[in-house]
Each structure stands twice: as structure tokens, then as C-alpha cells.
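Just follow the structure's listing: the first ligand is 1, and inside any ligand the first atom is 1.
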Amino acid sequence: MKYQRLNNIIKSMESQNVPQMILSSPASIFYLTGRWIEPGERMLTLYINTDGDNKLIVNELFPVEDIEGVDIIWYKDTDDPIAKLTNIVDKDKTLGVDKFWPAHFLIKLIERNACKNFVNGSPIIDRARMIKDKEEIEMMRESSRINDNVMSKAVKSLCQEYSEKKMVSILADIFEEENAEGFSFSPIIAYGANGADPHHEPDASTVKPGNNVIFDIGGVRKHYCSDMTRTVFYKNVSEEHRKVYELVKEANLKGIEAVKPGVRFCDIDKAAREVIEKSGYGKYFTHRTGHSIGIEVHDFGDVSSVNTEEVAPGMIFSIEPGIYLPGDVGVRIEDLVLVTENGVEVLNKFTKDLIVV
Ligand SMILES: [Mn+2]
């Protein structure tokens, strides 16, 4: 077990009166054990309690090496894993349950009166996972370094023959070359007006002179996700598009500048948004400024106008303002940032100067 992480979680469990908890998401189990197990539809649960009694219930089809500090309880396809869990859970104490645990398992556990009081246990682990430890910070730096290299190669490979879809398959090859295990999310490649849809799905469009090109890309390296967006222009750029680009870049920089321990997520959102609002494009910045990231590309905690929580050293999140003019252009510039003791470290180094390919 990753004892430092476990101890933090046990402290939160004690202070929130949740003496026992079951975790089921591969990401949270990886966070605590260092092992990634993808059980598909089969039950996988890590039971932990404040006495340090840890059990992992896992199907025999998924061989897991011994984990120090955890008893592994195996079951077969013909066994009843809920019965094994019912035997472990303390009936008289509150049980925290992972928000991702399939409802049919939870309903069975309830029907068998395994426990009197069930609560959502995920906030405890989600909040712990927001603060990255040294090992995680190093992984996030490495993952972003890879993403920088991939961006550089991807931008260079842009040409008239390649559709958006084709660029996605080229990206897959580049991530592999750069030793990533795969995409951290389905890449967004958008040419011209397609970029005005922030979540555009790459299609057969090809790039035309004067088009903006959005590359919103990320990979996974040793289970840690990267995520960066750059917008470049093909052959030439109009004056209005250049103006939009420079505004988004300034919003990105102002958002980053605002990051330091003690400021609220909503203040960071405001710093970025204000730049765009003052210029009259406010209604075209349609989404939150960013999201936390780590083992999952969207970790808990977003950079938005309604999140009044303060940021703290070790948090990593994106700053990704954009302007989307329907039928015309989309520009988004995104970096991952780490909150340090005194301020901020930007994990992405790929240039934000306007590039015309
Ligand atoms: Mn993002």
C-alpha cells in the first residue's frame, strides 16, 4: 500500500465519521495500491477501515501480485463476491461507498443488510487525490513533457492531405513513439469553423488556407494524464482571427498569473474570463476555465465561477480559456499548471506564440 496516501485518507475518514469504506474505481485502487486492475463488469472492491484492516476482493481471472498491507480475497465466476464482502463489512458502522460502484452491487449489499448506514465515500478520496505528492508531480511533469513533444511533431505534420480523422491516427503513432501508453482522452482536432464547437468530433474535413487548427491532445504515461491545447493557423491568418488569438492567449496568461496558494478557483476563472469579457467576446467563452487532472483526465475539482474552494500546493489543473465564433473560428489555449508553495509551475512548455504553418 501507499501508506502516506492511505494515512491521509484514514485521517479524513476519522474526522468525517466514516470508519470503513469500499473503493472500486481502478483509478482510486491504483492510487492506494500502485496496481491497475481493469475488472470489466466483475466486482472489484478494496475495503479499508480506520483500524488499517485492508482487503482486496478480486476475481481470479485478474492475477494480482501480493500487495503489502492488503489481504487479497479471491473469488471465482461461480462464487458470490457480495457474500464475501458482507462478511467483512462491520454491520454497525457507517460504510463509505465509491460513487462509481455499480448500483446492482450496492443494492445487493443493502438487501442483505450488510450495514445500517451507507454514505458516498468518494469525496474523501477525491479530495486527497487533488493534492499530488512528489512521486505524482514527477509523473505529471513527465507526462506533460511527452505531450509537448507530441504537439511539436503534430503541428509539423499538418498538411492539406490530412483530414481531422487522419490527424488523430497520426497522433496515436506519435504518442507511441514518445513512449505514452495511449490517449488520455479522444483527441480534438478541429479545422476552421469546426473549432467553434469546443468538443468537435474529428471528421473527414481537410484544412484550408486561413483556417485555425485546434489540437486538444493528451496522453497517458504510467497512468498519469496530460492535456494541452494549441491553436495554430494554416498558411495565413486574418486580422480578426489574430485578435481573437491574442485575447485567448492573454486570458490564458492572466489565468496562470492568478494561481498561487490561497486564491480561490473562481478567482482564477475570473482572471482569465475578465480579459475576454472586457473585449466584448464574453458570451463566446462558453465553458469553465479548467479542471483538475491526474490519474484521470478530469479529476475532481474544476476551475469555474462557482467553485469557491482555495487552491493549495500540489494541485494540478488546466487553464484553458477559449473564444468560439459559430460558423467562423475557434481558439483555445490550454496548459496544465501545478500550484507550488509560492506560486505556480506551468507543466507545458510548447510555445503560445501565434504559429502559422
Ligand atoms: Mn482539458
Side-chain angles (χ1 to χ4, degrees), residues 27 126 129-130 132 136-137 139-151 154-155 164 167-168 171 175 180-190 194-202 212-221 223-232 245 248-249 251-256 258-259 265-266 268-269 271-273 276 284-307 311 315-324 330-339 344-352:
D126 287 346
R129 278 173 48 189
M130 280 179 89
K132 274 68 183 174
E136 295 187 288
I137 289 170
M139 300 307 300
M140 288 299 290
R141 285 189 182 120
E142 189 183 341
S143 196
S144 284
R145 199 153 48 223
I146 288 173
N147 211 18
D148 283 337
N149 294 344
V150 172
M151 184 67 81
V155 167
E164 293 169 349
M167 278 304 302
V168 171
L171 269 170
F175 271 112
E181 283 102 47
F183 294 137
S184 55
F185 60 95
S186 199
I188 300 168
I189 306 291
N194 289 346
D197 169 8
H199 287 123
H200 173 68
E201 201 168 310
N212 51 283
V213 177
I214 292 183
F215 290 90
D216 186 350
I217 65 174
V220 179
R221 171 70 176 162
H223 299 294
Y224 282 84
C225 297
S226 59
D227 184 6
M228 166 174 51
T229 308
R230 290 294 182 267
T231 304
V232 304
Y245 184 91
V248 173
K249 180 178 158 188
N252 166 285
L253 294 173
K254 286 281 188 265
I256 292 171
V259 178
F265 282 104
C266 57
I268 298 166
D269 181 86
R273 199 168 296 280
I276 293 174
Y284 302 109
F285 176 14
T286 46
H287 53 74
R288 63 186 177 185
T289 292
H291 55 88
S292 297
I293 183 168
I295 304 171
E296 286 172 295
V297 73
H298 287 182
D299 262 0
F300 177 80
D302 59 3
V303 187
S304 78
S305 60
V306 292
N307 187 355
V311 308
M315 288 183 180
I316 295 180
F317 46 83
S318 68
I319 303 283
E320 49 179 308
I323 293 178
Y324 311 95
V331 173
R332 179 167 61 259
I333 303 175
E334 171 182 28
D335 293 304
L336 297 190
V337 299
L338 161 71
V339 183
V344 63
E345 175 183 328
V346 183
L347 300 188
N348 293 107
K349 316 287 182 202
F350 190 86
T351 185
K352 286 180 268 194

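In summary, the aromatic rings of H287 and Y324 are positioned with their centroids under 6.0 Å apart.
Distances from the Mn ion (ligand 1) show that H291 has an N/O/S atom below 2.8 Å. Not a single N, O or S atom of D216, from either the backbone or the side chain, sits less than 2.8 Å from the Mn ion (ligand 1).
Residue-level check: among N/O/S atoms of E334, OE2 sits closest to the Mn ion (ligand 1). Distances from the Mn ion (ligand 1) to the N/O/S atoms of D227 are shortest for OD2. Distances from the Mn ion (ligand 1) to the N/O/S atoms of E320 are shortest for OE2.
H291 and E320 are linked by a side-chain donor-acceptor pair at a separation below 3.5 angstrom, with hydrogens and angles left out of the test.
Taking the centre and axis of the six-membered ring of F285, the NZ or CZ atom of R273 falls inside the cone set by 45° and 6.0 Å.
At distances below 3.5 Å, at least one donor-acceptor pair connects side-chain atoms of N147 with backbone N or O atoms of I217. With hydrogens and angles ignored, the 3.5 Å screen pairs a side-chain donor or acceptor of S292 with a backbone N or O of G301.
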